[in-house]
Structures are given as C-alpha cells and as structure tokens.
Amino acid sequence: FMKAQSIDEINWDIWEPTDRCVITFTENDGKLLFIEKKRGLGNGYFNAPGGHIELEETAAEACIRETKEETGLDITDPEYRGTIYFQFKHKNIREIGYVFYSYGATGELKECDEARPFWIDRDKIPYENMWEDDRLWLPGMLEGRKFEAYFLFDDRTMVDKKIVWLDE
C-alpha cells in the first residue's frame with residue numbers, strides 16, 4: 001500500500017484499516033463546530049471534532065464522546081453521512097473515517113490538550129487551513145448527500161482521490 005501512486009493501485013478488498021475514526025460536524029444557528037488540532041496527525045489544521053472508535057462503542061457513541069472530550073459540548077443523534085478511506089504513504093497509516101452530522105449542541109466550549117474548539121459561520125469554512133480533501137466532499141455532505149471517498153496522501157500532500165456520491 002505504501003508504494004501505491006494512485007487509488008486504483010490499491011486492492012481495497014484486502015485493505016485493512018490501522019485506525020477506525022469518526023469526524024463529527026455539528027451545526028448550531030448557521031455555525032459549524034470546528035477544532036484546531038494541537039497535536040497528532042493533522043496538527044495545526046482545522047477540522048471537525050473526532051477521533052478513534054473504542055472497541056466497545058459504536059461509531060455514533062464515539063462521535064458523542066469525542067465531541068465532548070475535544071470541545072466540552074454535548075451532542076445527540078449524530079447522523080451518518082459518509083465513509084472516507086485514507087492511505088498515508090509516509091507512515092503506512094490506513095485510516096477509515098466515518099463522517100457524521102449533528103444539529104445542535106449544549107454546554108460550554110472548553111479547550112483541551114488536543115484541540116482548541118471554535119464556531120465558524122457555515123459560509124466561511126476555512127478550507128485553506130484544512131486537509132486538502134475536505135473541500136472535495138464537505139460541501140456535498142453539508143447539503144445532506146451521502147458519499148464514499150478514497151484518498152492517498154504522502155504526508156500532507158494529496159496524491160490521488162476518488163469520491164462516489166451515493167445518491168447519483
């Protein structure tokens with residue numbers, strides 16, 4: 001997998017993730033909940049709250065827990081929107097990410113060691129300070145579209161991509 005130069009060179013039937021994660025976009029009054037990553041993969045980038053799915057929890061439960069840990073806020077009923085397969089060449093990280101959307105959050109924003117949370121207007125998404133792939137699927141996902149996406153990265157550079165919109 002590390003030598004692949006394109007999505008088509010990867011046999012996705014035998015590809016196994018090294019990490020199973022969630023990404024949760026929460027909207028409140030026309031604003032989206034974002035974090036600035038303070039460490040780890042994507043350090044310095046803006047993203048939605050998220051993280052690893054623990055063995056004993058569902059993806060939706062991971063959304064609720066990770067949002068609380070990274071932002072201090074409580075969300076309910078996250079709705080599944082898409083699956084992203086990430087192959088990172090430089091470290092052979094194979095990550096599957098389940099994208100969720102939730103409406104409404106309660107509580108008070110709190111910064112943690114890992115993340116600085118903030119709200120941003122839905123029409124001012126800071127793509128220039130996000131992973132390169134986000135601009136390709138995030139607008140459609142926010143319109144309610146479901147998708148599957150495959151991304152090949154070498155460090156922070158996107159090498160190849162494939163997005164399948166499931167409603168087409």
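Keep in mind the model is a prediction, meaning the values are calculated, not measured. If you read the sequence from its start, that first residue is 1, and numbering goes on from there.
Here Trp119 is tied into one hydrophobic group with Leu33, Leu73, Leu109, each link being a pair of ILVMFWY side chains closer than 4.5 Å.
Of the charged side-chain nitrogens involved, at least one lies within less than 4.0 Å of a carboxylate oxygen, so that Lys31 and Asp121 count as a salt-bridged pair. Here Lys110 does not pair with Glu108 in a salt bridge; the nearest charged N to carboxylate O distance is not below 4.0 Å. A salt bridge does not link Lys3 to Glu9: none of the charged side-chain nitrogens sits closer than 4.0 Å to a carboxylate oxygen. Checked for salt-bridge contact, Arg94 and Glu16 miss the test: no charged N lies under 4.0 Å from a carboxylate O.
For an aromatic pair to be called close, the ring centres must be under 6.0 Å apart, and Phe118 with Phe46 satisfies this. Residues Phe25 and Tyr101 keep their aromatic ring centres 6.0 Å or farther apart. For an aromatic pair to be called close, the ring centres must be under 6.0 Å apart, and Phe153 with Phe88 satisfies this.
Interatomic distance, CG of Leu152 versus OH of Tyr85, reported as 15.5 Å (0.5 Å rounding). In this structure, the separation between NZ on Lys146 and OG1 on Thr83 is 10.5 Å, given to the nearest 0.5 Å. Note that NZ of Lys37 and CD1 of Ile35 are 6.0 Å apart. Values are rounded to the nearest 0.5 Å. The distance from atom CG of Asn47 to atom CE of Met130, rounded to the nearest 0.5 Å, is 5.5 Å. Annotation: the span from Ile96 atom CD1 to Tyr150 atom OH amounts to 8.5 Å, rounded to 0.5 Å. A distance of 11.0 Å separates CD1 in Ile23 from CH2 in Trp131, rounded to the nearest 0.5 Å.
The shortest heavy-atom contact between Phe34 and Ile125 is CZ-CG2, 4.0 Å. Residues Gly44 and Asn129 approach most closely at O-ND2, 3.5 Å, considering heavy atoms. The two residues Pro126 and Ile120 come nearest to each other via the heavy atoms CD-CD1, 3.8 Å. Nearest heavy-atom pair across Thr26 and Gly104 is CG2-O, 3.7 Å. Asn28 and Ala105 make their closest contact through ND2-O, 3.4 Å (heavy atoms, listed as atom of the first residue, atom of the second, distance). Here the closest heavy-atom approach between residue Asp133 and residue Trp137 is recorded as OD2-NE1, 2.8 Å.
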Would you give me the side-chain donor-acceptor pairs under 3.5 Å for residues 155-163, sequence neighbours excluded?
unit_1, atom_1, unit_2, atom_2, d
Arg156, NH1, Asn43, O, 3.3
Arg156, NH2, Asn43, O, 2.4
Asp160, OD2, Ile7, N, 2.7

Throw together a table of side-chain donor-acceptor distances under 3.5 angstrom for residues 63-70, partners on residues two or more places apart or in other chains.
unit_1, atom_1, unit_2, atom_2, d
Arg65, NE, Glu57, OE1, 3.1
Arg65, NE, Glu57, OE2, 3.2
Arg65, NH1, Glu69, OE1, 3.3
Arg65, NH1, Glu69, OE2, 3.1
Arg65, NH2, His52, O, 2.8
Arg65, NH2, Glu57, OE2, 2.6
Thr67, OG1, Cys63, O, 2.8
Lys68, NZ, Asp74, OD1, 3.4
Lys68, NZ, Asp74, OD2, 3.3
Glu70, OE1, Gly50, N, 3.1

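Within the 4.5 Å cutoff, the side chain of Glu79 has no heavy atoms near those of the Ser102 side chain. A heavy-atom distance below 4.5 Å is found between the side chains of Met141 and Phe147. Contact check for Ile84 versus Tyr98: no side-chain heavy atoms found under the 4.5 Å cut-off.
Arg122 places a side-chain N or O within donor-acceptor distance of the main-chain N or O of Leu142, the cut-off being under 3.5 Å.
Judged by distance alone, the side chains of Gln87 and Trp15 do bring a donor and an acceptor atom under 3.5 Å apart.
Hydrophobic clustering (ILVMFWY, side-chain heavy atoms < 4.5 Å, transitive): Val99 and Phe151 are in one cluster.
Enclosure of atom NZ in Lys38 by more than 12 non-hydrogen atoms of other residues, nucleotides or ligands within 6.0 angstrom is indicated.
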